[in-house]
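What follows is a single structure, written as structure tokens, with notes after it.
Side chains are part of it too, since the values below use all heavy atoms of this structure and drop only hydrogens, waters and symmetry mates.
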Amino acid sequence: MLQKPVLLSIALLFSCICAFGQRAAVSGIVRDDKGKPVEAAVVADEVTGLGTYTNAKGFYMFEVPVGKNVSIIYHFQGYALVRKSVQLSAGEIRTIDITLSGKTNELAEFVLKDPKARYEAGSVLLDISKIPYNPS
């Protein structure tokens, strides 16, 4: 009679240990191209969107599925997106430090051409051909 609860307890204990072993994590520090930590950068699984933000020191840590190839994205506004692919085994914690490089957005040349004269308050359009007739 006493053997059933003991066997059940042992089986439950092993199932908890096995469930704990099915976790893996990725951690590290995100820095900019000058070596300074980036606060509030996004670090996430590209497929599921689950992830975290970096803290004030650029540190992050989050869990990823075990045994699957996971594509992790690192992003902060004004910096180029970085992708890293990892596959972790059960219980593994991998440290991945990332450096984000600055991204510049260049706009194409913009030329405003308007053949119509504008009649707005405060603006005066002068016809150069009539300057000699101007009294002042």
Side-chain angles (χ1 to χ4, degrees):
M1 199 70 152
L2 186 62
Q3 290 179 352
K4 284 185 180 181
V6 171
L7 289 176
L8 184 61
S9 298
I10 292 173
L12 186 61
L13 178 66
F14 280 123
S15 67
C16 291
I17 291 172
C18 291
F20 180 73
Q22 294 300 314
R23 296 181 180 192
V26 177
S27 68
I29 297 175
V30 178
R31 293 184 174 91
D32 63 7
D33 46 5
K34 295 176 185 171
K36 295 182 180 178
V38 178
E39 183 179 2
V42 175
V43 181
D45 181 348
E46 189 171 23
V47 176
T48 64
L50 297 175
T52 188
Y53 291 100
T54 58
N55 66 9
K57 295 181 180 180
F59 180 79
Y60 71 93
M61 181 176 211
F62 76 102
E63 291 183 3
V64 295
V66 173
K68 292 183 179 179
N69 194 14
V70 179
S71 178
I72 301 172
I73 58 169
Y74 301 85
H75 181 65
F76 189 70
Q77 185 153 4
Y79 292 90
L81 181 86
V82 175
R83 284 184 177 87
K84 291 287 181 183
S85 187
V86 296
Q87 184 171 358
L88 303 179
S89 58
E92 183 178 358
I93 298 175
R94 185 168 302 171
T95 301
I96 302 174
D97 293 333
I98 297 293
T99 301
L100 297 177
S101 58
K103 178 177 75 169
T104 58
N105 291 331
E106 282 190 33
L107 299 176
E109 181 180 350
F110 177 76
V111 178
L112 176 63
K113 294 181 181 178
D114 189 7
K116 296 186 278 181
R118 298 202 179 261
Y119 298 102
E120 299 172 2
S123 66
V124 177
L125 181 63
L126 296 176
D127 187 3
I128 296 178
S129 65
K130 297 191 177 156
I131 289 205
Y133 303 113
N134 195 355
S136 56

Is there a side-chain contact between [X] and [Y], using heavy atoms and a 4.5 Å cut-off?
X   : Y   : result
N69 : S85 : yes
D97 : I29 : yes
T54 : F76 : no
V64 : D45 : no
N55 : Y60 : no

**Prompt:** Can you tell which of Y74, F59, Y53 makes a side chain to side chain contact (heavy atoms under 4.5 Å, CB included) with V30?
**Reply:**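 That would be Y74; it is the only one of Y74, F59, Y53 passing the side chain to side chain contact (heavy atoms under 4.5 Å, CB included) with V30.
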**Prompt:** Can you tell which of V70, L88, I93, V43 makes a side chain to side chain contact (heavy atoms under 4.5 Å, CB included) with V26?
**Reply:**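 That would be L88; it is the only one of V70, L88, I93, V43 passing the side chain to side chain contact (heavy atoms under 4.5 Å, CB included) with V26.
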Should [X] and [Y] be regarded as members of a common hydrophobic cluster, given that ILVMFWY residues are connected when their side-chain heavy atoms come within less than 4.5 Å of each other, either directly or indirectly?
X   : Y   : value
I98 : I72 : yes
F62 : I73 : no
V82 : Y79 : yes

I need the minimum non-hydrogen distance between [X] and [Y], along with the two atoms involved.
X    : Y   : value
V38  : R31 : CG2-C, 3.7 Å
G67  : Q87 : O-NE2, 3.1 Å
K103 : A80 : CB-N, 3.8 Å
G49  : A44 : O-CB, 4.0 Å
G58  : P37 : N-CB, 3.7 Å

**Request:** Indicate yes or no for a side-chain donor-acceptor contact from E63 to the backbone of A25 under 3.5 Å, with no hydrogens or angles considered.
**Result:**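 The answer is no, because no donor-acceptor pair under 3.5 Å joins these two groups.
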